[in-house]
Number of protein chains: 2
Amino acid sequence: MRKASVTIKEIARLLEISKSTVSRALRDSSEISEDTKKKVLDLAESLHYAPNPIALSLLKNRTQTIGVIVPEIANRFYSSAIGGVEDIAYSRGYHTMIYQSHESLERELSACRHISLRRVDGLVVAISAHSENIDHFIELQEQGIPVVLFDRVTDALQTHKVRVDDYKGAFEATEHLILQGCERIAHIAGPKQVSVSTNRIEGYREALRKYNIPFRDEWVLHSPITQAGGTERTYQLMALRNRPDAIFGASDRITMGIHWALRQLGYKMPEEIAVIGFCDLAMSSLLDPPISSVTQPAFEMGQQATSLLLDLIESKNTPASYETRVLPSNLVIQKSSLKATVPVN
Amino acid sequence: MRKASVTIKEIARLLEISKSTVSRALRDSSEISEDTKKKVLDLAESLHYAPNPIALSLLKNRTQTIGVIVPEIANRFYSSAIGGVEDIAYSRGYHTMIYQSHESLERELSACRHISLRRVDGLVVAISAHSENIDHFIELQEQGIPVVLFDRVTDALQTHKVRVDDYKGAFEATEHLILQGCERIAHIAGPKQVSVSTNRIEGYREALRKYNIPFRDEWVLHSPITQAGGTERTYQLMALRNRPDAIFGASDRITMGIHWALRQLGYKMPEEIAVIGFCDLAMSSLLDPPISSVTQPAFEMGQQATSLLLDLIESKNTPASYETRVLPSNLVIQKSSLKATVPVN
DNA sequence: CTGAAAGCGCTTACAG
DNA sequence: CTGAAAGCGCTTACAG
């Protein structure tokens, strides 16, 4: 059986004063005498009194807890972002509940239901790839639970958003490949309908345009964010009669798959085919050859999304306008795309 | 402002009956007429009534929520285990709160405080490397909150435990290296004081003993579970006058570090030095050469720990005795330790 | 400065 | 079969 904890009632009984007075003394109300305050505070401390947050939640309809939904916690980008969320939440007195959507609309719905029922105060979310419909987020907002989007955003939801400059990141990666002398650059993109994928394809396309390289449909494939997805698409690309001399991967998982497939197939990177990806740097440096990467400030994205969210939670009125923050990505060149250099020994 | 949800009171008012009757009808109590039941249920449905779990928590001192503390969610082993926890919890009607200790006692304490305050119903935990003192878990137990250990266990806590047969896994890995002809086998172990590390060292030691190979202190180093840790220890080992011809790594992170360091240093695996680790297979297969691994059933460990926990939560009385489940690991041989084979082309 | 009362949303003995 | 009352742990107008 659960041991009962110390309550205000208990303190009141021991001190032979009323619950109201104890409660006020505990919150340091100005209308209580210093004398009683001290008595209450001392006893509370010696009894290890801690207010019951559940009672407070029931009273205030607030829980000092925020939710975060990501597609997958095992993904380095998201686990870093969660680190950023926890960092800000913790320092401002909130706790974090982590949910995984596994890219499924149904699990996203279930998380939202839990959030609404449990009176979570707000939500930071990277939308699942299969959520064309986002009514569940609108519903939360209508219930007064603010939602902030990060990474995967959508125009359909009016709120603060934090994302990376995917367009520019993809542009730079593609331009780098072109400057290395690549002429047949393929792109394995993330899931369709995801904002991130679309923006990256646009950046890729624009870089090709700038250098008058024709855009070819058969060189752009969509893939789930998995290693297997990257591998299969690579097989498909390299099987083409006119095969690419460079592949640009949209995520670290996908890019790992590309790397693996190319090695299986016996290609030399970067001599025969150059590779670059939107990657987790630690991981890509381990591979042979290390993969050039567009890296993203995941931790910082989590931080910024969370402080925007907490501002929404703590301000009474809806803000005049919502903000979209676009953070820069960073291009890190490694051996996998360095055609021109002397070989590393 | 938060929109008010439908309450029992509201339903009672609309139907002009008492709250008690509504409550009973909703829980399908046998003492309510079919007639009223139907009326209540119909209205509840059309109003999308859902009971307020916070009110229930306050009443029952239970939350239908379990906690799970792991050192790091970004670690594949733990994120898979969390998958197993969620799987069972979800199917038995519980929700999961995820906490990271980041191997820090302080953060573990903070998680336990939150668990106790928030009336979380039970806890699944892999103890942090810096928690020699485990009083906080004992305290939870004394408060009636059951705790189940997995992976990182300790004799100091009386409870159900789920772990892998680390001793046997390490024995087999070491024996495999010996059978490949390795004679100077080093071991980069995990943090001291962690049960897992100790057991693996024992298995390693016993395999050496079986084949009359002397155990040498300078060939066994402890490391945090990070890539950097593995790298540094590898430098240290290879700098020895009498350097090893095989390294056995205790975790995937450590083993990635070993792999990376050996490549940096210009050694050929497995010809000049063989490598094997306790690894995430997907990851180790990506490297060149792919790393032989002792793999662990992470998902299943999470599942088993959780069902043991839920049994504790749902049974009134403490069980007569606690159970320790030891799951087998699995040895997967890849190129990094295959000295005898013809070279792969 | 302090206390009694009402209420957050629910359940459950206790009456009838 | 149904309802009034008490209570989970807390806060906060309202009196005094």
Side-chain angles (χ1 to χ4, degrees), chain A residues 1-41 43-44 47-65 116-121 143-144, chain B residues 1-41 43-44 47-65 116-121 143-144:
Chain A
M1 211 30 252
R2 195 91 172 221
K3 206 179 74 179
S5 346
V6 194
T7 66
I8 279 196
K9 198 172 158 190
E10 174 80 357
I11 297 181
R13 194 179 57 76
L14 290 172
L15 254 30
E16 299 184 307
I17 57 178
S18 78
K19 282 175 5 183
S20 331
T21 305
V22 175
S23 170
R24 290 195 184 97
L26 251 16
R27 355 196 70 242
D28 200 27
S29 154
S30 60
E31 38 178 354
I32 300 290
S33 74
E34 285 308 321
D35 210 41
T36 358
K37 258 188 209 171
K38 182 156 174 20
K39 259 190 277 182
V40 171
L41 258 20
L43 184 58
L47 257 38
H48 297 112
Y49 170 80
N52 182 333
I54 302 196
L56 290 175
S57 297
L58 186 58
L59 217 51
K60 315 232 169 190
N61 221 0
R62 300 234 355 220
T63 51
Q64 292 293 117
T65 300
S116 155
L117 241 39
R118 285 264 158 211
R119 269 63 176 175
V120 170
D121 296 337
Q143 285 168 37
Chain B
M1 209 33 251
R2 196 88 172 222
K3 207 179 73 180
S5 346
V6 193
T7 67
I8 278 196
K9 197 172 158 191
E10 174 79 359
I11 296 181
R13 193 177 58 76
L14 291 172
L15 254 31
E16 299 184 306
I17 56 179
S18 78
K19 282 174 6 183
S20 334
T21 305
V22 175
S23 172
R24 288 193 185 99
L26 252 15
R27 355 197 67 245
D28 200 27
S29 154
S30 60
E31 39 179 355
I32 300 291
S33 75
E34 285 307 321
D35 210 41
T36 357
K37 259 189 208 169
K38 182 155 174 22
K39 259 190 276 182
V40 171
L41 258 20
L43 184 58
L47 259 36
H48 297 112
Y49 170 79
N52 182 333
I54 303 197
L56 290 176
S57 297
L58 186 58
L59 216 53
K60 316 232 168 189
N61 222 0
R62 302 234 352 223
T63 51
Q64 292 292 118
T65 300
S116 154
L117 242 40
R118 286 263 158 212
R119 269 63 176 176
V120 169
D121 295 337
Q143 285 170 36

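Sequence lines set the chain letters: A, B, ... in the order given, protein chains first and strands last, and positions in each chain run from 1. Scope of the values below: all heavy atoms of this structure, side chains included, with no hydrogens, waters or symmetry mates.
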Give the minimum heavy-atom separation between [X] and [Y], together with the two atoms involved.
| X | Y | result |
| --- | --- | --- |
| A:Pro51 | A:Leu56 | CB-CD1, 4.3 Å |
| B:Val6 | B:Tyr49 | O-CD1, 3.5 Å |
| B:Ile54 | A:Arg119 | CD1-CB, 3.7 Å |
| A:Ala25 | A:Leu41 | O-CD1, 4.0 Å |
| B:Arg118 | B:Thr63 | O-CG2, 3.4 Å |

Rounded distance (Å) that lies between atom [atom2] of [N] and atom [atom1] of [X]:
| X | N | atom1 | atom2 | result |
| --- | --- | --- | --- | --- |
| A:Ile32 | D:dT11 | CD1 | C1' | 13 Å |
| B:Asn52 | D:dC8 | CG | C1' | 13 Å |
| A:Arg118 | C:dG9 | CZ | C1' | 14 Å |
| B:Glu34 | D:dC1 | CD | P | 8 Å |
| A:Ile8 | D:dT11 | CD1 | C1' | 8 Å |
| B:Leu56 | D:dG9 | CG | P | 15 Å |
| A:Leu15 | C:dT2 | CG | P | 11 Å |
| A:Asp35 | C:dC1 | CG | C1' | 11 Å |

Next on the checklist: Which is more 5' along DNA chain D, the nucleotide nearest B:Ser30 or the one nearest B:Leu58? Just name the residue.
Outcome noted: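 Final value for this comparison: B:Ser30.
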Any side-chain N or O of [X] less than 4.0 Å from the OP1 or OP2 oxygen of [N]?
| X | N | result |
| --- | --- | --- |
| A:Ser20 | C:dG3 | no |
| A:Lys39 | C:dC1 | no |
| B:Lys19 | C:dT12 | no |
| A:Ser57 | C:dC8 | no |
| B:Arg24 | C:dT11 | no |
| A:Lys9 | D:dC8 | yes |
| A:Thr21 | C:dT2 | no |
| A:Ser23 | D:dC10 | no |

Item to check | Nearest-0.5 Å distance, OG of residue B:Ser57 to CG of residue B:Asp121 | outcome: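 Here the interatomic distance stands at 8.0 Å.
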Checklist entry - With a 4.0 Å cut-off on heavy atoms, is A:Leu59 in touch with a base, just the backbone sugar-phosphate, or nothing at all? => result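 Answer is base: heavy atoms of A:Leu59 come under 4.0 Å of a base.
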Next on the checklist: Applying a 4.0 Å non-hydrogen cut-off, can you work out what A:Ile54 is touching in the nucleic acid: base, sugar-phosphate, or nothing?
Outcome noted: nothing
Item to check | Who pairs with C:dG3 - Watson-Crick or G-U, where each distance is under 3.5 Å | outcome: D:dC14
Checklist entry - If you measure from the P atom in D:dG7 to the same atom in C:dA4, how many Å do you get, rounded? => result 15 Å
Next on the checklist: Rounding to an integer number of angstrom, what distance separates C:dC1 and D:dC10 when you compare their P atoms?
Outcome noted: 25 Å
Next on the checklist: Given D:dG3, D:dG9, C:dC10, identify the nucleotide with an atom nearest to the side chain of A:Thr7.
Outcome noted: D:dG9
Checklist entry - Which nucleotide sits closest to the side chain of B:Ser33: C:dT12, D:dT11, D:dT2? => result D:dT2
